[in-house]
Protein chains: 2
Amino acid sequence: MTAFSPNLMARPDCAACPIRHRAVCARCEADELAQLEKIKIYRSWKAGETILFDGDPMDFVGSVVTGCAMLTRRLEDGRSQMVGLLMPSDFLGRPGRSTAPYEVSAATDLTLCMFRRAPFEKLLVEVPHIRDRLLEMSLDELDAAREWMVLLGRKTAREKVATLLLLVLRRSSLPISGVARADLPITREAMASYLGLTIETVSRQMSRLRADGVITLEGLRKVSAPDLEALALAAGEDSDGATIA
Amino acid sequence: MTAFSPNLMARPDCAACPIRHRAVCARCEADELAQLEKIKIYRSWKAGETILFDGDPMDFVGSVVTGCAMLTRRLEDGRSQMVGLLMPSDFLGRPGRSTAPYEVSAATDLTLCMFRRAPFEKLLVEVPHIRDRLLEMSLDELDAAREWMVLLGRKTAREKVATLLLLVLRRSSLPISGVARADLPITREAMASYLGLTIETVSRQMSRLRADGVITLEGLRKVSAPDLEALALAAGEDSDGATIA
DNA sequence: CGATATCTTGAGGGCGATCAAACGAAGTGG
DNA sequence: CCACTTCGTTTGATCGCCCTCAAGATATCG
């Protein structure tokens, strides 16, 4: 039993929330948090479950509390491209739109802190700290999407895979350490979907990176990189290692 | 001499502005417009000129009034990917960031309605109509970027070219007419940069679309499509023809 | 009319997709 | 405990789309 068990209560205490200082509520004062607390509700999904289909009515917005969510768009003939990978604290949904423009699914077991859209939009008007944070997060997402456009349009398969591993390692492992390690939140299929590749190509490039000593794999899901600089090099990143978002 | 000649005056009258009802100022009342008018300044560039290099200080934001601007990101080895094509009324820059995360250049002769960042950020706090519109436009841009990710990751060269032509024809030609026509605002090289292709592939696919009767070309820059449905089909679009943004 | 940039077309090669099969892990039931 | 299934992953062989390199055509401008 942990101190924060979202699955066991509808409205855990915001003060103990793991994403309290990074989510859309990051800048809220205690009284503002109380307003959010009144309209929030937790809900969880199992890995692999679909939360919404493209075109479904979407009468809520919310934050990823734990786990990972995927945003996927499909072409008519079945081709699909993941257009977003939401990690804890990321925001899902958009005020002012009532229909999902992509499919939303749970990459891992997932818990969302959800707000019905109408009352949330009301808070957006009344609480500057929420509104300002949402604008900032939206602009960050836009930058991240543009960064991903470079990957999709110009990077090689090896660079694509290395870039994704670097992203996961940077975001979910301890910030500074000799060896970075993390659990891959997504399957090879989802990796392929996000990278604009096939599953076979992803698998081959993972094997090559491992053979080259850039990464180490334990089981299928645990990755580590003895030298993040080497991984960044394989990712074709700017030398300073700076990322936009 | 037209009624609205941005090149000839520093602060043309907002009331006569061609983008008055679509830009970041779209929702402003007369008094709010007056506040913007006080801090705005026009500036123009010739086609091909670079406005900002990646990493340059960016102490302004603004709207495209006439012409087209390109946002381009580069990898170290010279590969480059256009990550945004700004048309009249689109917003350039971001409050809260002082450095350009991409190169900005003029695709065509271009005029911007610019605001220094500091006073604009002040208005963002004081004028809800500007702030709300900026959030809306940012979310639209995010949707458009994600749509483009599908193109970059999953579409064929033919579909990519058709999609871009469709975008240009839909946005710059008369909305409903038997034959849609427009001037291409960008060179083949810029098209290639935006589509994640080479210039040769773009050229070949243009020729194929012409040979197939999907488009007609007069000179290098004038395109028309006798049947937008056929072009949409070539673009691999959803049957309902709906686009996100 | 020549100079230069831009665009088109052609020939050949490589990277990633496709098709196919083997492998490994996790779960089920006898 | 072990066959058996199932699903995800890895590896192999081949194909084709788009890139690369190269030359020629067309537009633009002095």
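All of these numbers come straight from a predicted model, not from anything done at the bench. Convention: sequence-line order gives letters A, B, ...; per-chain numbering from 1.
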With a cut-off of 3.5 Å and sequence neighbours excluded, list every side-chain donor-acceptor pair involving residues 49-63 of chain A.
{"from": "A/Glu49", "atom 1": "OE1", "to": "A/Lys46", "atom 2": "N", "distance (Å)": "2.8"}
{"from": "A/Asp56", "atom 1": "OD2", "to": "A/Phe53", "atom 2": "N", "distance (Å)": "2.8"}

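- Protein atom CD of B/Glu159 is 12 Å distant from nucleotide atom P of D/dC17, rounded to whole Å.
- Note on B/Arg94 versus A/Asp143: salt bridge recorded, some NZ/NE/NH1/NH2 to OD/OE distance being below 4.0 Å.
- Partners of A/Thr108 under the side-chain hydrogen bond (donor to acceptor under 3.5 Å, both in side chains) rule, at least two apart in sequence or in another chain, do not exist in this structure.
- An end-to-end axis angle of 30° holds for the helix from C/dC1-D/dG30 to C/dG30-D/dC1, taken from five base pairs per end and rounded to 10°.
- Listed by chain and residue number, nothing satisfies the side-chain hydrogen bond (donor to acceptor under 3.5 Å, both in side chains) test with A/Ser105 (two or more places apart in sequence, or in another chain).
- In this view, B/Glu200 satisfies the salt bridge (Lys or Arg N to Asp or Glu O under 4.0 Å) rule with no residue, not counting sequence neighbours.
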Completion exercise
The contact string for nucleotides 7-19 of chain C, one letter per nucleotide 5' to 3', using protein heavy atoms under 4.0 Å with B, S and - for base, sugar-phosphate only and none, comes out as SBBBB----SSBB
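- Residues satisfying the side-chain hydrogen bond (donor to acceptor under 3.5 Å, both in side chains) test with A/Asp183, not counting sequence neighbours, are A/Lys222.
- What separates CE of B/Met191 from C1' of C/dT6 is a distance of 14 Å, to the nearest Å.
- Here A/Arg154 pairs with B/Gln81 under the side-chain hydrogen bond (donor to acceptor under 3.5 Å, both in side chains) rule; sequence neighbours left out.
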Side-chain donor-acceptor pairs under 3.5 Å in residues 204-215 of chain A, sequence neighbours left out?
{"from": "A/Ser207", "atom 1": "OG", "to": "A/Ser203", "atom 2": "O", "distance (Å)": "3.1"}
{"from": "A/Asp212", "atom 1": "OD2", "to": "A/Arg158", "atom 2": "NH1", "distance (Å)": "2.8"}
{"from": "A/Asp212", "atom 1": "OD2", "to": "A/Arg158", "atom 2": "NH2", "distance (Å)": "3.1"}

